[in-house]
Protein chains: 4
Amino acid sequence: MTSPKPSPEATSDPTGTKPLRADARRNRERILAAAEAVFAEKGPSASTDEVAAHAGVAIGTVFKHFPTKQALLQAIMKDLLARLTQEVDTLATDDAPGEALFTFITRMVEQAAQKRTVVGLLAETGIDLQVADSVQLLREGIEALLTRSQQAGTVREDIHLDEVIALLTGLCQGALHAGWDRDLQRRTLAIVFEGLRPFEARGGAAGTYS
Amino acid sequence: MTSPKPSPEATSDPTGTKPLRADARRNRERILAAAEAVFAEKGPSASTDEVAAHAGVAIGTVFKHFPTKQALLQAIMKDLLARLTQEVDTLATDDAPGEALFTFITRMVEQAAQKRTVVGLLAETGIDLQVADSVQLLREGIEALLTRSQQAGTVREDIHLDEVIALLTGLCQGALHAGWDRDLQRRTLAIVFEGLRPFEARGGAAGTYS
Amino acid sequence: MTSPKPSPEATSDPTGTKPLRADARRNRERILAAAEAVFAEKGPSASTDEVAAHAGVAIGTVFKHFPTKQALLQAIMKDLLARLTQEVDTLATDDAPGEALFTFITRMVEQAAQKRTVVGLLAETGIDLQVADSVQLLREGIEALLTRSQQAGTVREDIHLDEVIALLTGLCQGALHAGWDRDLQRRTLAIVFEGLRPFEARGGAAGTYS
Amino acid sequence: MTSPKPSPEATSDPTGTKPLRADARRNRERILAAAEAVFAEKGPSASTDEVAAHAGVAIGTVFKHFPTKQALLQAIMKDLLARLTQEVDTLATDDAPGEALFTFITRMVEQAAQKRTVVGLLAETGIDLQVADSVQLLREGIEALLTRSQQAGTVREDIHLDEVIALLTGLCQGALHAGWDRDLQRRTLAIVFEGLRPFEARGGAAGTYS
DNA sequence: AATGAATGAGAATTCATTCAT
DNA sequence: AATGAATGAATTCTCATTCAT
């Protein structure tokens with residue numbers, strides 16, 4: 001429904017199996033939402049039973065939609081990655097090209113502190129197979145942000161996408177597990193942003209370190 | 001104290017519970033080593049059975065030495081933290097005060113890429129209970145490194161211990177889960193180090209970014 | 001869906017948790033019956049596995065219905081106490097008010113010789129928690145019998161409920177563990193009944209001692 | 001090997017295997033005492049380890065003296081039965097022949113309230129095999145008390161040993177598990193004693209019922 | 001004889017997954 | 001399609017018993 005373009009489904013599997021019945025689709029959504037909530041709170045070792053209860057469906061229904069727990073976890077990942085990609089794309093069209101990357105990183109770290117999911121899943125599940133293409137999309141979005149920042153002169157030219165993602169991942173993990181408070185998070189990010197800026201741009205707004 | 005092998009007991013706690021019999025101590029070491037290896041590979045949810053098998057002892061022996069799985073995990077943590085603290089202290093007496101902190105961070109991140117343990121444990125177990133003081137010791141060691149770096153002028157004065165540890169944690173987590181290769185790791189750290197340096201010291205040896 | 005039979009559920013708790021599905025109810029009954037049998041024979045330390053096997057279900061099913069072993073034991077207790085209370089109430093409306101108490105005691109002791117359960121459970125479990133009110137109901141039933149016997153003049157006026165229950169408990173325990181035969185049981189009870197009667201009623205039918 | 005007297009050891013096994021070394025005998029006693037204490041407090045399911053700790057010896061030593069846990073339990077039983085027999089015999093030579101049986105029963109019930117052992121063991125272990133002869137000795141002692149009471153006219157002539165023991169067992173079990181207080185115990189016993197007395201002796205001192 | 005470390009068969013409990021209703 | 005009961009392998013932990021020191 002929400003797919004803006006029918007798209008000859010070769011690109012990235014738009015859930016692509018079959019047009020589900022209305023109630024089935026509704027259940028699918030509820031299960032996904034419940035799973036995200038439950039796993040966010042209790043970590044990926046929470047039981048599928050609990051997810052079912054939280055979604056208000058029977059356990060069988062969960063397994064009907066997601067034949068294994070792995071599949072459910074991956075679905076959450078995809079979902080999340082898609083949302084992040086969307087957010088990246090939105091930021092890319094913003095009017096502050098020099099700050100978009102910094103903003104994105106900041107937002108992700110903020111969310112990580114609340115959601116075990118993204119990070120926790122990456123940890124447990126690895127980035128195996130199925131989600132690879134979703135990840136790729138996100139990478140491309142981030143790359144666009146990086147390029148624009150470099151063109152705007154707020155990020156050094158010699159920095160590659162890989163490092164940015166490495167930093168992003170690490171910072172999210174750290175924020176997640178160590179439970180950084182707002183202030184610590186801000187100061188930590190400021191250091192990293194400082195490291196990303198070229199000499200002449202040091203002390204820029206996003207990197208203000210007090 | 002660069003002695004390579006001053007005592008075979010550098011590994012675990014000299015918190016004198018009781019002088020174990022020779023064979024008991026040997027088994028204790030083997031179990032700890034096995035546990036570290038197994039948990040490093042499979043994460044902390046690996047079964048105690050597997051640890052026992054890897055150590056070549058019966059399951060009962062593992063539980064005799066470490067009465068709960070938690071206890072085993074904590075023992076590994078303590079062990080590891082003790083080793084890190086030792087390393088910090090060694091670095092602190094080195095002749096390159098300006099680089100000691102950078103060196104330490106680099107080494108930790110290198111190890112994290114191999115050992116799921118440190119980081120994985122911190123994630124699952126939290127820093128509860130018994131390990132709290134071990135953690136404190138490590139913090140103090142790192143603080144000393146930080147102070148010396150600041151006195152040597154290689155780290156900005158306005159940076160606090162908390163940010164350094166936050167960065168350290170995040171970087172370790174990232175290196176661990178994402179499996180950074182050598183080169184990526186070096187470049188990522190370089191960015192962070194660059195962010196830590198004062199203006200006038202930028203482009204220093206440890207932060208060389210190619 | 002209107003149940004054609006009055007109610008096949010006289011056995012367990014009508015404390016409306018939820019109307020179980022037909023097969024679930026059937027299994028619940030089978031498990032309860034199996035548990036009663038197994039614990040009766042081997043005492044409450046018999047394994048839950050054995051109960052499952054005896055009931056012809058998988059171990060998981062037992063734990064689905066009774067989430068801990070304690071819960072299973074308590075369910076048996078409640079069940080049994082309910083049955084006894086019912087029996088007490090029935091006897092109370094009998095036409096031989098003077099003998100009802102004696103009859104009840106005799107029956108309980110007879111059953112005890114077959115069922116380790118009642119008594120064994122009271123021993124191991126204590127009368128903790130949930131069963132307390134079931135016990136209370138039984139006490140009240142027995143008190144009614146006692147009062148009626150006293151009014152009928154077959155039990156001394158100065159005897160209290162506590163002693164009756166103490167005797168009942170002791171006799172059941174004795175019958176249970178020592179495996180009294182029919183005759184020994186009769187003679188032993190006769191002595192106790194004799195002790196309960198007032199002077200003028202000695203040698204009554206129930207107390208005939210040969 | 002060096003057994004000084006082969007001794008026709010048929011009567012009742014006076015611990016009869018071999019003359020133990022002095023320290024060994026001492027350990028044996030300590031273990032027995034510890035076992036009695038531990039099992040009295042925690043019931044017969046207490047671990048052998050705990051017994052060893054309480055006795056201040058190593059676990060191996062316990063198994064050296066008592067090759068199985070069963071054997072240890074039986075040894076306690078024998079010990080206890082021997083002590084009871086001794087007590088019976090002492091009472092039998094007392095100057096109050098009419099009350100000796102009542103006194104003995106009263107004492108046993110009192111002790112039962114404190115010691116899980118006697119009764120608990122009888123329950124778990126059954127009276128299998130090994131202790132049979134010890135039991136027989138006690139039976140004979142009690143029979144003597146019964147006979148003397150009957151000759152003194154305080155117990156009915158038509159009462160047999162079996163009923164007395166049945167009552168004794170039941171009362172002990174009851175006292176043990178139900179935790180009777182002093183007063184309840186007295187009133188309960190009074191009822192039973194009343195049932196044992198002949199018509200003409202009712203209301204005797206031991207049976208005073210208030 | 002004593003020690004106490006090691007053994008390994010259970011025991012209770014959980015949970016992903018299947019399948020009859 | 002949905003339900004939810006049943007399954008049974010896996011996991012943590014205990015404890016009687018054995019055996020090298």
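Only this structure's heavy atoms are used, side chains among them; waters, hydrogens and symmetry mates stay out.
Atom CZ in B:Arg28 sits about 17 Å away from atom C1' in E:dG4, given to the nearest Å. Put simply, CZ on A:Arg26 is 10 Å from P on F:dA2, counting in whole angstrom units. In this structure, CD1 of B:Ile59 is placed 9 Å from P of F:dC13, rounded to the nearest angstrom. Taking atom CG of C:Leu72 as the reference point, atom P of E:dA11 lies 15 Å away to the nearest angstrom. We find that NZ of D:Lys42 is positioned 14 Å from C1' of F:dC15, with the value rounded to whole Å. Look at CD on A:Gln70: it is 15 Å from C1' on E:dC15, rounded to the nearest Å. Atoms CZ (D:Phe66) and P (F:dT18) sit 16 Å apart, rounded to a whole Å. Between the P atom of E:dA2 and the CD1 atom of D:Ile31 lies a distance of 8 Å, rounded to the nearest Å.
A:Lys69 contributes a side-chain N or O that, together with a main-chain N or O of A:Pro44, makes up a donor-acceptor pair within less than 3.5 Å. Judged purely by atom type and a 3.5 angstrom limit, A:Lys42 has no side-chain atom pairing as donor or acceptor with the backbone of A:Ala37.
Applying the 4.0 Å criterion to OP1 and OP2 of E:dA6, one finds that B:His65 has a side-chain N or O inside that range. OP1 or OP2 of F:dA2 sits under 4.0 Å from a side-chain N or O of A:Asn27.
A heavy-atom distance below 4.5 Å is not found between the side chains of B:Phe66 and B:Gln74. Within the 4.5 Å cutoff, side-chain heavy atoms of D:Leu80 are placed close to those of D:Glu36. The closest side-chain heavy-atom distance from B:His54 to B:Val51 is not below 4.5 Å. Contact annotation: the side chain of D:Phe63 never approaches that of D:Leu72 to less than 4.5 Å [non-hydrogen atoms, C-beta and beyond].
Set against E:dT18, E:dA5, F:dT3, the side chain of A:Ala58 has F:dT3 as its closest nucleotide. Candidate nucleotides F:dT12, E:dT7, E:dT18 were compared by shortest atom distance to the side chain of B:Asp49, and F:dT12 ranks first. For B:Ala24, whose side chain is taken as the heavy atoms from C-beta onward, the closest listed nucleotide among F:dC13, E:dT18, E:dA5 is E:dA5. Ranking F:dC13, F:dT7, F:dA2 by closeness to the A:Lys64 side chain, first place goes to F:dA2. For C:Lys69, counting side-chain heavy atoms from C-beta on, the closest listed nucleotide (F:dT17, E:dT13, F:dG4) is E:dT13.
Using a 4.0 Å heavy-atom criterion, one finds that C:Thr48 contacts the sugar-phosphate atoms exclusively.
Nucleotide F:dT12 forms a pair with E:dA11, judged by Watson-Crick or G-U wobble geometry with both contacts under 3.5 Å. Using N1 to N3 plus N6-O4 or O6-N4 for Watson-Crick, or N1-O2 and O6-N3 for G-U wobble, each under 3.5 Å, E:dC19 pairs with F:dG4.
Nearest-nucleotide positions on DNA chain E place D:Val57 closer to the 5' end than the other of C:Gly60 and D:Val57. A residue-by-residue look at B:Gly56 and A:Phe63 shows that B:Gly56 has its nearest nucleotide of DNA chain E further toward the 5' end. Mapped onto DNA chain F by nearest heavy atom, B:Ser47 and B:Asp23 fall at different nucleotides, with B:Ser47 at the one closer to the 5' end.
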